[in-house]
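What follows is a set of notes on a single structure, which appears directly below.
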Number of protein chains: 2
Amino acid sequence: MSLRYALLALLSVEPMTGYDLSKRFESSVAYVWHAPDSQIYPELRRMEKDGLLNGEEVPWGPRGKKTQYRITAEGTAAFRDWMNTPLEYSRERDPVHLKAAYLEWADPDAARAHMQAHIDYHTLRREQWAGMIEELKNGTNVTLTKRLAVTPEADRRRTLEYKVFTYEGLVARAETEIEWGHRGLELIDSLSDSS
Amino acid sequence: MSLRYALLALLSVEPMTGYDLSKRFESSVAYVWHAPDSQIYPELRRMEKDGLLNGEEVPWGPRGKKTQYRITAEGTAAFRDWMNTPLEYSRERDPVHLKAAYLEWADPDAARAHMQAHIDYHTLRREQWAGMIEELKNGTNVTLTKRLAVTPEADRRRTLEYKVFTYEGLVARAETEIEWGHRGLELIDSLSDSS
DNA sequence: CCAGAATACCTATCTCCATAGTTAGTGCCT
DNA sequence: AGGCACTAACTATGGAGATAGGTATTCTGG
């Protein structure tokens with residue numbers, strides 16, 4: 001159900017087509033949420049049926065046309081409602097730690113590869129997120145700039161600060177995972193030596 | 001697909017019924033993986049069809065009977081294979097950080113409640129995981145004790161150490177989240193004052 | 001001995017998400 | 001004029017998981 005609210009968040013800045021949204025999901029937003037276009041198009045139609053969006057046919061070139069979705073007052077209210085509703089935490093389902101718990105079954109090289117992949121994955125994420133923080137802070141992030149342009153002055157600081165705070169949390173998380181990965185590599189080495 | 005391997009991991013110690021497994025998923029393993037019985041029973045039948053398990057009808061009381069699943073050599077090989085296969089990291093999908101990024105839409109009290117819920121959730125998890133580490137270290141964890149009893153002596157230290165390492169990683173992760181939550185509460189306060 | 005908790009197993013429905021296609025128009029380069 | 005990348009949108013299938021039921025037997029406490 002979060003897809004719906006991720007879409008509302010993006011559409012609260014400006015109207016967009018399904019294609020625009022799916023591109024946005026592939027780039028910036030993808031660091032926090034991902035969705036393929038095959039999920040986005042039907043969801044947009046459902047949201048229009050529920051009155052959260054208005055779809056308008058817009059000409060595209062001489063013969064083509066495309067559907068642009070604009071958020072309605074009802075849509076804005078639904079998003080604000082969601083933001084004021086406590087989040088339900090779903091059950092643990094963590095393949096990485098499931099595997100880690102049985103690492104004695106793996107060859108030492110495969111075990112090392114698991115840990116290295118974990119380090120690599122979270123190193124990449126950390127860089128992406130740190131880059132996002134830089135963009136937010138020096139005003140080069142297009143999405144944020146557009147949003148700030150339609151945000152009343154009194155709310156602008158909060159809008160910026162919460163986004164920075166979010167990505168700082170993701171950086172901190174990535175760093176914890178990287179540290180754990182390095183501890184894992186050390187552990188594998190020490191257990192392979194003494195065996 | 002990880003459910004299959006979580007089941008194989010448990011069945012590598014001793015044969016169990018679907019009910020045993022679903023209980024185990026509710027308690028100890030649930031800290032890392034969760035699955036309802038409605039998912040477990042059909043998966044066990046599929047695994048038997050695939051030759052990974054052998055189901056044996058076992059009497060249960062005077063009239064009743066139950067199906068106990070025993071891992072086959074093929075099942076053990078499949079588990080070891082999986083343990084030697086690199087893990088695919090799925091895309092980001094994080095409702096907590098999605099909400100955090102738009103916290104300016106929430107009332108300050110609701111924003112505070114989000115962060116407090118995050119702190120509470122991860123505080124509970126940290127305690128459960130720390131308790132698990134204690135159990136593992138002082139030998140009071142039943143699952144581990146049974147496993148060690150069927151593990152060749154040369155592998156016992158690894159079996160223990162990897163499990164401790166796994167839960168230490170989860171404790172570290174929880175602590176990072178708790179810290180982030182506290183930073184969030186401070187941020188909300190500072191932004192509410194100056195507004 | 002009986003109520004009720006626990007054990008054992010099963011089914012149905014629904015949403016979500018991944019994957020892998022298809023169709024068709026646009027814009028640009030050569 | 002043809003090739004090709006991009007824009008735009010849709011469909012179909014299948015697995016995974018959540019949720020909410022159902023049936024029947026056994027064990028245990030009063």
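Below, chains carry the letters A, B, ... as their sequence lines are ordered, and counting in each starts from 1.
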Please report the shortest heavy-atom distance between B/A78 and B/L52, naming the atom on each side. CB-CD2, 3.8 Å
Applying side-chain hydrogen bond (donor to acceptor under 3.5 Å, both in side chains) between B/R70 and each of B/E56, B/E14, B/E48, report the one that passes. B/E56
What integer distance in Å separates B/W60:CH2 from C/dC9:P? 8 Å
Can you tell me the distance, in whole Å, between the NE2 atom of B/H34 and the P atom of D/dG17? 11 Å
Got a donor-acceptor contact below 3.5 angstrom from the B/R156 side chain to the B/T151 backbone? yes
At a cut-off of 3.5 Å, list every protein nitrogen or oxygen paired with a nitrogen or oxygen from nucleotides 3-5 of chain C, distance to 0.1 Å.
none

Nearest-Å distance for atom pair NZ/P, residues A/K66 and D/dC6: 17 Å
For A/A110 and B/N84, work out which heavy atoms get closest and say how close. CB-OD1, 3.1 Å
Separation of C/dA24 atom P from A/Y19 atom OH, nearest Å, is 18 Å
Could you tell me the separation between the CZ atom of B/F25 and the P atom of D/dA16, rounded to a whole number of Å? 13 Å
Enumerate the residues from residues 37-56 of chain A whose closest heavy atom to DNA chain C is under 4.0 Å, giving them by residue number; use none for an empty result. A/S38, A/Q39
Report the distance from atom CZ of A/R93 to atom P of D/dG15, rounded to the nearest whole Å. 17 Å
Would you kindly give the NZ-to-P distance between A/K23 and D/dA5, to the nearest whole Å? 14 Å
Per nearest nucleotide of DNA chain D, the residue lying toward the 5' end, A/Q68 or A/E88, is A/Q68
Whether A/T17 contacts D/dA9 is assessed here as follows: a side-chain N or O lying under 4.0 Å from the phosphate OP1 or OP2. Is that the case? yes
Between P of C/dC14 and CG of A/L3, the distance in whole Å: 20 Å
Hey, does the side chain of A/T67 come within less than 4.0 Å of D/dA8's phosphate (OP1/OP2), counting only N and O? no
Measure the acute angle between the ring planes of B/H122 and A/Y89, then classify it against the limits of 30° and 60° as parallel, tilted or perpendicular. perpendicular
